[in-house]
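What you see is a predicted model, and the numbers here were worked out from it, not measured in a lab. Numbering starts at 1 and runs along the sequence shown. Both backbone and side-chain heavy atoms feed into the values below; hydrogens, waters and symmetry mates do not.
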Amino acid sequence: MLRRVLIAFGYSALTILLVGVTFALVAYGNDYAYDFSTHKIIQKGHVILDSLPGNLKVTVDGKELSKKTPFQAAFKVGTHTFALSKDGYWSWQKTLQVWAGQVTLARYVILLPKSMKINVMDTRKQIVAQSISKDHRHLAYVTGGDNSALYTLDLPSGKPVKLYTPKVAVVATPTTAGSSAEVLRDVAWSDDASHLLIMSQVGTQTVYRLAAASGGEPTDLTDQYKEDFSGLKFSGSNWRQMYWISPEGLRRLDVGSQAISAVLADKVTQFWITTDRVLYVQETDTGRSLWSLASGDKHQELIEALAQSDSYDVSFATYRGEDELAVVPAKTEVGTLYSDIFGNNPVAKIVAHGVTRASFSPDGHLLAFTSPTSITTYDLEQSLVRAQLVSYTVTDQPGNLEALNWFDNYHLLLTRSGRLYWSEFDGANRVDLGTGIAGLPSYGSSDTKSLTLFSPDGDNVRIEQAIVRP
């Protein structure tokens with residue numbers, strides 16, 4: 001009898017031990033721990049740091065750890081300051097908020113080399129305009145002066161190709177009419193990078209030409225269709241279709257069928273091209289409204305009453321399957337984010353004040369509202385996790401902001417008062433990249449391994465490739 005009792009007791013003890021160990025492991029896996037200072041069980045939060053390059057030294061709250069990146073550990077709830085460093089690279093430091101039972105991710109860390117390898121791709125006396133393709137694999141630029149021309153350059157390591165030379169002046173004769181010299185003004189890529197729109201000035205006339213990126217003589221659209229195409233833009237889904245605002249309203253040019261549409265919408269003051277539709281502002285008797293024009297010429301009113309303004313800055317993105325639209329009226333300088341904009345119940349949130357531009361990150365989870373002196377970044381991802389607005393306002397910026405581009409989904413390339421800067425989305429870990437050229441921003445490569453920069457070289461402009469990581 002005693003033997004049976006001892007066996008039963010042993011099994012019970014073993015069961016209790018296994019349950020206890022299992023509970024302890026589950027608790028440990030969920031970052032529960034015993035706090036010896038308060039003698040209470042607390043739940044910590046988890047921090048994960050990843051980096052490019054890897055194997056970086058990790059310092060937490062001023063204490064250097066033996067671990068290196070990639071790094072993960074549990075920390076008490078609150079703020080902790082993390083620093084990463086490696087010889088030959090600019091160091092990284094950030095204060096992160098740790099939440100109970102949640103994971104704080106910093107997988108976006110990139111340390112720039114202090115001495116980046118620079119490849120010079122071209123040097124010109126003057127560059128008056130430039131455009132990068134949507135996939136960041138092709139650069140087009142217009143040179144001025146005596147050797148004016150349009151060039152293309154395959155990134156990151158191609159050679160410049162002269163695509164078009166402007167027409168020279170023709171002196172009138174008794175039997176032929178003369179013409180003014182052509183002056184190249186601007187260039188833009190189609191979304192698929194197969195064609196370019198070239199805008200130039202011939203006397204008092206603005207001329208638009210359509211050029212194949214593969215070469216050949218461009219088509220003079222202005223002469224062929226006898227239209228003033230001022231403001232002409234490629235469609236997002238088909239390079240053969242282009243839109244512009246004629247005196248009668250918004251219209252479409254189809255070079256495939258060689259046809260011009262009837263008026264698609266009247267009293268249009270502005271329009272923007274997205275991947276699959278056109279957004280436009282229409283003047284009504286009660287004010288201005290924002291509309292969408294989709295395939296099949298289907299119109300949808302998105303915002304019934306825009307804040308009254310002569311112009312607007314608009315940025316569009318899709319995040320987690322939901323369409324997002326940012327609007328900044330020039331007059332009010334108030335940044336508003338519209339979610340589910342094409343649905344039945346769009347939601348509007350005023351995110352920033354005193355701003356002039358809006359720009360989504362490539363994946364759409366970050367939205368930067370900017371002014372010449374500040375950046376306010378709205379984090380859609382963290383706002384969903386926290387169930388509240390998460391934004392970062394940065395005002396300690398050197399000089400005035402002249403251009404902003406996204407390097408990847410977390411890093412910004414900024415031109416401020418003629419200097420180039422790299423920073424994270426919230427302004428942290430800013431690196432001065434050197435002197436830039438007004439009106440010529442910097443870009444990240446398609447593989448996010450290099451930068452394309454326009455730098456001064458005496459009286460010339462140098463197009464450079466700067467290697468961020470091998």
Sequence neighbours excluded, the answer for ring pair (Phe, Tyr, Trp, His ring centres under 6.0 Å) partners of Phe342 is Phe316
Can any side-chain N or O of His136 pair as donor or acceptor with the backbone N or O of Gly444 at less than 3.5 Å? yes
Which residues pass the side chain to side chain contact (heavy atoms under 4.5 Å, CB included) test with Leu221, sequence neighbours left out? Leu197, Leu210, Thr219, Tyr225, Phe229, Leu232, Met242, Leu253, Val255
Just jot down the ring pair (Phe, Tyr, Trp, His ring centres under 6.0 Å) partners of Tyr319, sequence neighbours excluded, or say none. none
Can any side-chain N or O of Thr274 pair as donor or acceptor with the backbone N or O of Arg277 at less than 3.5 Å? yes
Using salt bridge (charged side-chain N to carboxylate O under 4.0 Å, His left out) as the criterion, list what pairs up with Arg252, not counting sequence neighbours. Asp297
Report the residues that fulfil ring pair (Phe, Tyr, Trp, His ring centres under 6.0 Å) with Trp272, sequence neighbours left out, ordered by chain and then residue number. none
Partner residues of Arg416 under the side chain to side chain contact (heavy atoms under 4.5 Å, CB included) criterion, sequence neighbours left out: Ile375, Gln397, Pro398, Leu401, Leu414, Tyr421
Provide the full list of side chain to side chain donor-acceptor pair (under 3.5 Å) pairs with a residue in residues 262-271, sequence neighbours left out, each pair given once. Asp266-Gln282
Could you tell me which residues satisfy side chain to side chain contact (heavy atoms under 4.5 Å, CB included) with Ser237, sequence neighbours excluded, listed by chain and number? Ser235
Sort out for me which residue in Tyr108, Phe369, Phe360 forms a ring pair (Phe, Tyr, Trp, His ring centres under 6.0 Å) with Phe425. Tyr108
Quick one: side chain to side chain donor-acceptor pair (under 3.5 Å) partners of Trp92, sequence neighbours excluded? Glu424
Taken in chain and number order and not counting sequence neighbours, the residues that satisfy ring pair (Phe, Tyr, Trp, His ring centres under 6.0 Å) with Tyr141 are Tyr151
Please name all residues satisfying side chain to side chain contact (heavy atoms under 4.5 Å, CB included) with Thr204, sequence neighbours left out, ordered by chain then number. none
Measuring centre to centre across the rings, with the benzene-like ring taken for any Trp, is Trp189 within less than 6.0 Å of His138? yes
How would you list, by chain and number, every residue that makes a salt bridge (charged side-chain N to carboxylate O under 4.0 Å, His left out) with Asp432, sequence neighbours excluded? Arg419
